[in-house]
Amino acid sequence: MKIFSKEQIYEGDRLTIKKQNISSADLMERAGISLFNWLDARLQGAPVPILVFCGIGNNGGNGLVLARHLITHGYNVKTFIVDFSDKRSQDFLINYERLKGTTKDWPISIHDGDDLPLISDQDIIVDAIFGVGLNRPISNWVVNLFKHFKASKALTVSVDIPSGLFTDRVPKHEDAVVFSSLILSFQTPKLAFFLPETSKYVDQWEALDIGIDTQYLQDTETEAHILGKLDVLPMYKQRGKFSHKGEFGHALIIGGSYGKIGAVQLASRAVLASGAGLVTAFTPKCGYIPLQAAFPEAMVITDLDEEKITNIDFNIKPTSIGIGVGLGTDEKTLDAFETFLKSNTVPLVIDADGLNSLSKNNKLLKYLKEDSILTPHPKELERLIGAWEDDFDKLKKTKAFAKKYKVLVLIKGANSIAVYQDKLYINSTGNPGLATAGSGDVLTGVITGLLAQGYTALEATCFGMYLHGKSADIAIEFKGYQSLIASDVISYLGQAYLDLFELAEKPSAAPKQEPKSKNEK
Ligand SMILES: NC(=O)C1=CN([C@@H]2O[C@H](COP(=O)(O)OP(=O)(O)OC[C@H]3O[C@@H](n4cnc5c(N)ncnc54)[C@H](OP(=O)(O)O)[C@@H]3O)[C@@H](O)[C@H]2O)[C@@H](O)CC1
Ligand SMILES: Nc1ncnc2c1ncn2[C@@H]1O[C@H](COP(=O)(O)OP(=O)(O)O)[C@@H](O)[C@H]1O
Ligand SMILES: [K+]
């Protein structure tokens with residue numbers, strides 16, 4: 001799913017109004033009705049007090065439309081205008097009048113210094129104060145209102161984006177943003193929903209289709225994409241009936257050092273579990289017995305040295321290589337890594353100490369084979385590209401690095417982001433259970449295994465991080481967050497593949513039918 005920028009959202013609105021020959025008030029009505037339908041389908045007339053807080057722009061306008069439809073459908077609604085500016089948008093005014101024509105409970109204006117409205121934790125707060133038009137810090141009295149929302153512990157639904165969250169920068173103060181339980185975002189989510197420093201304001205999000213011109217949606221290139229099942233499914237390579245393991249490639253995992261052979265085992269097992277035909281592990285001599293004993297499917301080549309890699313030399317022709325897991329950064333290993341990098345022509349994944357070797361000796365960067373895949377977690381990334389101001393700056397710097405060296409950088413995290421040729425591919429699967437030793441080694445194996453099967457660097461990365469996270473999402477249903485370990489992510493990869501073909505039923509907007517009792521025909 002494409003993630004449009006603030007400018008593109010406004011452009012999409014303008015173009016839709018023109019092409020569909022409607023007014024902006026009509027589009028606002030459509031947006032407001034999509035909010036109403038979503039809430040009505042789940043509230044089903046519940047008498048819960050709904051407090052709608054509206055700004056004075058179009059985000060506020062959306063709130064007024066929603067309030068009007070909730071009222072005409074008998075919901076228990078109180079509307080407030082958060083009067084943070086003397087300005088009023090045209091469509092806000094139109095809907096302000098319409099609302100006053102619908103109910104005698106006219107909206108209550110809240111100004112700086114007014115008492116804050118009483119909010120019980122049983123209420124629902126609708127936050128329609130600021131949308132993507134936010135362009136400067138918010139007045140303190142409005143920040144106090146946000147604090148009041150949070151203190152009330154009422155379920156908070158934000159319209160389009162949590163008020164106070166910018167689309168292109170990190171808020172200075174945590175209190176200056178509404179903490180949302182749910183965001184109903186128009187047409188597509190916003191990048192800020194997925195970044196470590198800004199996703200804390202976002203619990204759940206839903207994209208509501210408001211009928212923005214489909215041609216515009218299809219033709220417009222966006223910087224960022226959120227990858228869901230339907231985005232990765234087309235990448236999946238079918239297997240022919242008469243296929244044989246030679247067709248599915250031969251991956252080589254290079255890594256391991258004394259006491260860290262497990263990383264190589266995890267990565268190698270993940271290679272085969274991702275569907276590659278063959279896997280060979282290249283490790284120090286100390287890895288030979290453990291690997292052959294624990295994982296008979298893998299072939300093993302060993303270094304001359306007992307405890308560390310000192311000379312990377314193999315007589316096989318791998319179709320992909322994953323290097324770095326458990327590698328260590330001993331001087332001799334660094335030299336071996338340099339020699340390997342200078343001669344390698346095979347599609348490559350560099351992880352963990354492979355990345356740290358690049359950071360220790362960044363003149364090696366120019367030897368990176370084009371489309372190599374680097375998979376740093378934030379700490380490894382900082383060693384590679386230096387410090388950054390905030391998450392937006394991090395992405396800018398990573399894009400520059402990826403372009404300069406013609407590589408793909410996968411920044412691992414709660415929403416892993418693959419940065420490649422000026423674009424951002426955001427993973428939608430995974431969970432905190434993955435914050436466990438070796439889960440990154442498994443990811444390296446999955447991506448290397450997909451590369452071995454002929455997936456392009458971008459496909460192997462997007463498909464790999466999707467399957468890796470999806471496997472963990474299935475596994476925690478049986479293991480829970482705390483007990484999930486990296487090996488489980490390998491064990492449930494098959495389920496992640498099978499899940500691709502189970503189309504999730506969309507939560508229908510219409511209220512669910514009463515479940516038929518057993519004896520009812
Ligand atoms: N056609 C439609 O109806 C559709 C409507 N959509 C909805 O419109 C929303 C965008 O609406 P919007 O452009 O009116 O901006 P909004 O976020 O409501 O802010 C209002 C104004 O506040 C001002 N302002 C900014 N920061 C401020 C601050 N810190 N303190 C004080 N004032 C501040 C700034 O005006 P300024 O003062 O800068 O002139 C800004 O214009 C979008 O999120 C979505 O919900 C569409 O997406 C779907 C179709
Ligand atoms: N809170 C989280 N939610 C989702 N995924 C996570 C979370 N924490 C870590 N991960 C994932 O777990 C993996 C951690 O990799 P890494 O930090 O390299 O672990 P290790 O070095 O132990 O293998 C990455 O794929 C990352 O995206
Ligand atoms: K909002």
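Note that ligands are numbered from 1 as they come in the structure, with each ligand's atoms numbered from 1 the same way.
With a heavy-atom cut-off of 4.0 Å, Asp160 touches ligand 1 through its side chain alone. Looking at Asn58 against ligand 1, both its backbone and its side chain come within 4.0 Å, counting heavy atoms. Residue contacts with ligand 1 for Phe130 involve both N, CA, C or O and side-chain atoms from C-beta outward (heavy atoms, distance under 4.0 Å). Neither the backbone nor the side chain of Ala128 has any atom closer than 4.0 Å to an atom of ligand 1 (non-hydrogen atoms only). Residue contacts with ligand 1 for Ile210 involve side-chain atoms from C-beta outward but no N, CA, C or O (heavy atoms, distance under 4.0 Å).
Which parts of ligand 2 touch Ala437 is read off a 4.0 Å heavy-atom cut-off, strictly below it: atoms 22 (O). Remark: ligand 2 atoms within the under-4.0 Å shell around heavy atoms of Pro432 are 1 (N), 2 (C), 3 (N).
For the residue pair Asp441/Thr444, the side-chain donor-acceptor check at 3.5 Å is not satisfied. Side-chain atoms of Gln187 and Asp209 include a donor-acceptor pair closer than 3.5 Å. Defined by atom type and a distance below 3.5 Å, a donor-acceptor pair is missing between the side-chain atoms of Asn427 and Asn415.
Comparing Leu443, Leu434, Ile411 against atom 9 (C) of ligand 2, the shortest heavy-atom distance belongs to Leu434.
Residue-ligand proximity: His468 is placed with a non-hydrogen atom under 4.0 Å from ligand 2. Residue Asp351 places every heavy atom at 4.0 Å or more from ligand 2.
Rounded to 10°, the angle that O of Phe130 and OG of Ser163 form at the K ion (ligand 3) is 70°. Here the K ion (ligand 3) is the vertex; the O atom in Asp127 and the OD1 atom in Asn59 give an angle of 90° (to 10°).
The protein does not reach atom 41 (O) of ligand 1 closely, with no heavy atom under 4.0 angstrom from it.
Counting backbone and side-chain atoms alike, Val159 contributes an N/O/S atom closer than 3.4 Å to the K ion (ligand 3). Put simply, Ile161 gets within reach of the K ion (ligand 3), with an N, O or S atom under 3.4 Å from it.
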